[in-house]
Number of protein chains: 2
Amino acid sequence: MAQQGRRRHVSITDVAAQAGVSITTVSHMLSGQRPVAAATAARVQQVIADLGYEPNRLARGLRLQRTDTVALVIPDITNPFYPLIARGLQNVLGPAGLQVLVTSTDADPAAEEAAVQQMITRRVDGLAFADYQADHRRVAAAAEVGIPVVLLGGRTTRPGIDVVSSDDVAGGTIAAEYLIGRGYQRIAFITGAERVGSPANRVLGYRHALREAGRPYAPSLVVREEISRDGGARAMQRLLTLRQTPDAVLCTNDVVALGALDTAKARGLRVPEDVAVMGFDDIDIAALTTPTLTTVSNRPREQGEAIGRLLLGRLNGSAPRGPQRILFDPAVVQRDSA
Amino acid sequence: MAQQGRRRHVSITDVAAQAGVSITTVSHMLSGQRPVAAATAARVQQVIADLGYEPNRLARGLRLQRTDTVALVIPDITNPFYPLIARGLQNVLGPAGLQVLVTSTDADPAAEEAAVQQMITRRVDGLAFADYQADHRRVAAAAEVGIPVVLLGGRTTRPGIDVVSSDDVAGGTIAAEYLIGRGYQRIAFITGAERVGSPANRVLGYRHALREAGRPYAPSLVVREEISRDGGARAMQRLLTLRQTPDAVLCTNDVVALGALDTAKARGLRVPEDVAVMGFDDIDIAALTTPTLTTVSNRPREQGEAIGRLLLGRLNGSAPRGPQRILFDPAVVQRDSA
DNA sequence: CTGTTAGCGCCTTCAC
DNA sequence: GTGAAGGCGCTAACAG
């Protein structure tokens with residue numbers, strides 16, 4: 001039966017003693033590193049089962065200088081985009097015997113720094129890191145001690161730092177092209193305050209598409225707000241105060257688009273008749289809103305898997321020496337909101 | 001600058017040598033466990049900074065028999081309910097210096113067993129475990145080696161196993177009472193096929209409320225379907241074929257309620273005028289549907305925080321000896337659909 | 001105020 | 001086919 005108090009874990013020494021062999025033999029029987037007599041093996045097996053022995057990975061890690069653990073540091077686990085990344089990562093790392101350690105930082109620089117340091121002290125074998133700026137300086141400490149790093153959403157690689165990202169410029173372009181093709185005339189963009197990172201690149205793509213279509217670019221139609229549902233709602237309110245309100249609004253991600261929808265609904269606006277709304281990421285909720293949300297798919301699960309493969313390559317030494325960069329082609333997912 | 005190849009981590013020995021002191025002094029200077037001369041301290045600090053020393057938590061964990069790590073094993077990280085649990089858990093554990101290790105199992109019994117065993121070998125200080133059946137046998141192995149366990153959604157405690165759960169029976173009761181109070185006469189319930197677990201308990205509460213109100217219980221109004229949006233849609237279709245159709249429908253969770261809304265909309269029924277719809281959980285999208293969804297809040301974030309406090313209590317020994325059970329009172333979140 | 005030393009549990013080289 | 005012993009990096013008696 002279950003125990004109340006704390007019980008000492010049984011160690012390899014206990015098993016060896018009970019089985020009347022040396023710990024060497026137990027160790028080799030577990031790892032299969034060298035042959036063990038059938039009779040001995042059976043006896044050891046039995047004792048392991050009797051005692052409920054579970055090897056201590058701390059000790060093994062200390063000895064092997066390897067923890068079979070990979071860290072995933074993300075801004076917000078409650079943004080559905082990141083659980084999908086986590087899922088993809090676990091999909092490829094799990095079968096390889098690696099554990100994923102997930103931490104949310106709330107996009108707070110101090111928390112991000114603390115998280116990276118924490119992971120270094122835990123001697124993770126690899127680090128996947130995401131924040132809205134995709135700032136490589138945040139992970140420099142890890143790269144410097146030789147931990148392979150993959151930066152999600154980054155644009156530029158560094159020695160020791162690989163990058164996985166959606167092609168955000170292309171995403172902004174195809175989204176704007178889609179709206180232009182649907183006949184929308186005044187297309188606004190709700191983005192973040194930072195001038196770098198995915199949000200900024202999506203705006204770049206949007207401007208590119210306007211230019212290609214011979215449309216004027218109106219700075220007043222690009223509004224910068226906190227990247228959150230509330231931020232999206234506020235930005236939408238601001239857009240609705242313009243003399244000429246937009247007939248379509250691109251939002252830097254789906255969560256922000258939810259906020260824009262909140263405001264539209266609160267104002268009694270019909271979507272997409274009065275104003276079209278479009279997001280980025282294609283999180284699950286995008287298919288559940290009313291109206292369902294037209295968006296740009298960034299295939300987060302596949303990005304997570306790509307991160308995993310990159311990390312695995314670094315860990316088993318099969319990766320090329322220089323830093324790698326994997327870009328995901330975005331695609332418009334047409335639904336009802338635009 | 002960042003390094004390409006693997007570099008050896010610097011250890012406390014390196015710091016001691018470089019600073020010309022013993023490792024004991026470095027250790028105590030780090031932990032503050034005993035006074036160190038100001039001059040010595042300064043020198044050691046400097047060396048630590050120069051060398052970029054990060055203590056190795058594996059070694060420390062091995063020595064201290066404590067990892068400052070807590071495992072969270074959940075069925076599906078992409079189900080929005082669980083990231084909120086994770087968030088709450090991290091909220092209380094983080095400030096206490098504990099890391100949370102999250103793993104998804106897809107509700108696969110084999111994966112669940114593997115995850116628990118994995119966490120034991122990693123010598124986590126505590127384990128939070130959730131699956132849809134809330135089966136305590138899944139965590140027995142951890143409890144037996146003395147790891148404090150909290151089971152999410154469980155009904156019965158065991159020695160070494162605490163429980164945190166929403167009070168599902170009460171939830172079913174207040175939901176039904178709310179609808180009765182609003183004047184609805186024929187209240188249906190869409191639930192899952194299983195006769196145990198949260199869905200079943202919610203039906204129990206619903207029946208209780210009917211009885212208390214002196215209303216008859218009509219078995220034909222309880223329909224069992226797959227717990228999903230499609231399942232909800234199918235169940236609603238079935239309800240609409242009854243001779244006497246319901247004027248209100250309780251759905252075992254919000255996703256199922258979305259399906260019910262789909263069918264109502266497809267049939268041209270007005271909600272709540274023709275038929276009211278109500279869910280459980282209060283996930284984010286409940287506020288996004290048209291009409292917005294009246295539901296029962298289960299406060300997942302707070303449940304996560306409760307798990308964290310329970311675990312902390314076990315770890316610092318301040319908890320009572322016997323197993324504890326924390327029930328969350330559900331609350332009706334009134335919106336437009338009922 | 002500081003140092004020496006004995007493990008924590010495991011893997012692995014070397015020896016039999 | 002099997003063992004003995006060293007050491008991964010750290011903390012905490014025990015000694016000055």
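Throughout, a chain's letter reflects where its sequence line sits, starting with A, and its residues are numbered from 1.
Taking B/Glu305 as the reference, nothing meets the salt bridge (charged side-chain N to carboxylate O under 4.0 Å, His left out) condition, with sequence neighbours excluded. Evaluation of the side-chain contact (heavy atoms from CB on, under 4.5 Å) rule for A/Ala306 yields A/Val164, A/Arg309, A/Ile326, A/Phe328 as partners, not counting sequence neighbours. Under the side-chain contact (heavy atoms from CB on, under 4.5 Å) criterion, A/Thr67 pairs with A/Thr69, A/Arg123, A/Asp125, B/Leu58, sequence neighbours left out. Every salt bridge (charged side-chain N to carboxylate O under 4.0 Å, His left out) that B/Asp14 has, sequence neighbours left out, goes to B/Arg8. In this structure A/Asp106 satisfies the side-chain contact (heavy atoms from CB on, under 4.5 Å) test together with B/Arg87, sequence neighbours excluded. The salt bridge (charged side-chain N to carboxylate O under 4.0 Å, His left out) test applied to A/Arg34 returns no partner, not counting sequence neighbours. Residues satisfying the side chain to side chain donor-acceptor pair (under 3.5 Å) criterion with B/Gln324, sequence neighbours excluded, are absent altogether.
Side-chain contact of B/Gln303 with B/Arg299: a donor-acceptor pair under 3.5 Å is absent, judged by distance alone.
Here the straight-line distance linking atom CG of B/Leu310 with atom CZ of B/Arg314 works out to 6.5 Å at 0.5 Å rounding.
Put simply, B/Gln33 has no side-chain N or O that comes within less than 4.0 Å of OP1 or OP2 on D/dA13.
In this structure, B/Ile12 places its CD1 atom 13 Å from C1' of C/dG3, rounding to the nearest Å. Protein atom CE of A/Met29 is 14 Å distant from nucleotide atom C1' of D/dG1, rounded to whole Å. In this entry the distance linking NE2 of B/His28 with C1' of D/dA12 reads 6 Å, nearest Å. As rounded to whole Å, 12 Å separates atom C1' of D/dC10 from atom CZ of B/Arg66.
Under a 4.0 Å N-O distance rule, the pair B/Arg57/B/Asp68 qualifies as a salt bridge.
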Taking only N/O atoms, report every protein-nucleotides 14-16 of chain C pair under 3.5 Å with atom names and distance.
none

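Remark: the backbone N or O of B/Ala111 is not paired with any side-chain donor or acceptor of B/Thr105 at under 3.5 angstrom. No donor-acceptor pair closer than 3.5 Å links the side chain of B/Gln90 to the backbone N or O of B/Val100.
Using a 4.0 Å cutoff on non-hydrogen atoms, the parts of residues 13-25 of chain A near DNA chain C are A/Ile23, A/Thr24, ordered by number. Within residues 35-49 of chain B, no residue is approached by DNA chain D to less than 4.0 Å at the level of any non-hydrogen atom. Residues of residues 53-62 of chain A having a heavy atom closer than 4.0 Å to DNA chain C, listed by number: A/Tyr53, A/Pro55, A/Asn56, A/Ala59, A/Arg60.
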Donor-acceptor contacts, no H, no angles, side chain residues 38-51 of chain B, under 3.5 Å, sequence neighbours left out:
residue, atom, partner, partner atom, Å
B/Arg43, NH1, B/Ala19, O, 2.4
B/Gln46, NE2, B/Asp50, OD1, 2.9

